Amino acid sequence: MPKNDVVVGLDIGTTKVCCVIGEVSREGNVEIVGNGSTPSSGMSKGVVLDIDKTVKSIEGAVAEAERMAGFNIGPVYAGVSGEHISSLNSHGVISVASSDKEIVEEDVKRVIEAAKVLSIPSDREVIHVIPRSFSIDGQNGVKNPVGMSGIRLEVDTHIVTGVSTFLQNVNKCVQKAGLELEGNAIVLEPVASSLAVLNEAEKELGTVLVDIGGGTTDIAVFLNGGIYHTAVLPVGGNHVSRDIAVAFRTPPEEAERVKIEYGWVSVEQVEEDQDFQISTLSQGEPESISLKRLAEIIEPRVEEILSLVKQEIFRVCGEEVFLAGVTLTGGTSLLKGMASFAEKVLGLPVRLGVPGNVPGMVESLKSPVYSTSVGLVLYGARNRQDRKYRMRHPQYFKVIWSRISHWFKEVF
Ligand SMILES: Nc1ncnc2c1ncn2[C@@H]1O[C@H](COP(=O)(O)OP(=O)(O)OP(=O)(O)O)[C@@H](O)[C@H]1O
Ligand SMILES: [Mg+2]
């Protein structure tokens, strides 16, 4: 049996489902005690297409993780992605309620509620309301208003919504696999990934997290320590594999294999050209292909994905927002030569992001493939810790708020 509180992250990706189990100490430190991953075939571009197949993948990943941990899990934090995700920034204003005009947590809750009062289409649900910054009586840039004095409290928030039926389908898969969502919450995948791969300085300076997975490319822009923009593009590494399969008339598994083994992101990047064997659909002798010939197929697709990312960044940030750089993660960031090619296309410094060192983490989790999975556990641990703290110390609003804003600048 676990010694501590257990938090579980369930990353239901387009190509794999990954379950990561963490134990959280009283101090909030996370130790990973189990993980399991199974290929997923019930998803397309980040959304559930086949519930039964997705449930099977979830059951497989959970069983493996439970075996490793040596106990059965409770509720999980599941990630969500897909083109249906949309986000906007919204403003809220209230008058501070108390007679001495000291701002308390209740005021903060009210002003965030006020920011939520906007017309969200009836087919959508709010996934996150993330406070970015507060202002008190016109003074901008306040990060933690609790305990300060003021008459008029304003907030800028980032609101993420998703199509209700797509969110319900994720919930259905989780339930059919015999699990439940912790606090009924679904987490936007790049929000989770950012916890695993970005540091506070990057978020403060201005960083774009780009998670290029199999079916989606998730984007989260961080500015002044908070989330400024999120978006999901319906393109990813599966498109690259399909292009290879078509170009060389090869089965999908073979296309996937050669991409991972020999795939350079662009012709220019290939360090030393050489030939390799690829089997084709015609069942004859395997064909000999050069690394450069393969890179010729990969390059236009990756360039297209990165150009879409660039368009999205500049659409929302414009010229006036300073961005210190881009952190690339997700399985497709592993294509050889990716970081320098992305720098060229995006015109910004690029680094590759792998999940930071969490105690107990096995070597195989230290890969960009698992950024979301590890991030979900970190997200859950902080959320859980905060709830417990709030229950134990209902009077310590100031401390609570500073912890919340330090962790995520997010309200659940
Ligand atoms: N070493 C590698 N080199 C190139 N591509 C790789 C490598 N390893 C994995 N990939 C690709 O990464 C993709 C899977 O990435 P990831 O596991 O992040 O996606 P996912 O979470 O399942 O999907 P999504 O987040 O899009 O729903 C696949 O297209 C796979 O081919
Ligand atoms: Mg993913």
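Note that the structure is predicted; figures quoted are calculated from it, not measured. The residues of the chain are indexed from 1 along the displayed sequence. Each ligand, and each atom within it, is numbered from 1 in the order the structure gives.
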> For residues Q269 and S340, is any side-chain donor paired with an opposing acceptor at under 3.5 Å?
Replying inline: yes

>> Do S25 and E27 pair up side chain to side chain, a donor and an acceptor below 3.5 Å, judged on atom types alone?
In response: yes

Please write down residue, atom name and distance for the protein heavy atom closest to [atom].
atom                    : answer
atom 31 (O) of ligand 1 : E256 OE2, 2.4 Å
atom 25 (O) of ligand 1 : T216 OG1, 3.8 Å
atom 22 (O) of ligand 1 : T15 OG1, 2.6 Å
atom 2 (C) of ligand 1  : L334 CB, 3.4 Å
atom 17 (O) of ligand 1 : K16 NZ, 2.8 Å
atom 19 (O) of ligand 1 : G214 N, 3.0 Å

Give the numbers and elements of all ligand 1 atoms closer than 4.0 Å to a heavy atom of [X].
X    : value
V369 : 17 (O)
G330 : 18 (O)
L335 : 3 (N), 4 (C)
N238 : 29 (O)
G237 : 29 (O)

Any ion pair linking [Y] and [X] (charged N to carboxylate O, less than 4.0 Å)?
X    : Y    : answer
K203 : E200 : yes
K143 : E204 : yes
E113 : R110 : no
R315 : E312 : yes
D273 : R293 : no

Tell me whether [X] has any N or O atom under 3.5 angstrom from an N or O of ligand 1.
X    : value
D11  : no
T14  : yes
G331 : yes
K259 : yes
G215 : yes
G213 : no
T332 : yes

> Got a donor-acceptor contact below 3.5 angstrom from the K16 side chain to the V369 backbone?
Replying inline: yes

>> Please check: side-chain N/O of H158 versus main-chain N/O of I227, any donor-acceptor pairing under 3.5 Å?
In response: no

>> Under the side-chain hydrogen bond (donor to acceptor under 3.5 Å, both in side chains) test against D218, which residue among S193, S81, S371 passes?
In response: S81

>> Students often mix this up, so state it plainly: with edges at 30° and 60°, are the rings of Y262 and F276 parallel, tilted or perpendicular?
In response: parallel

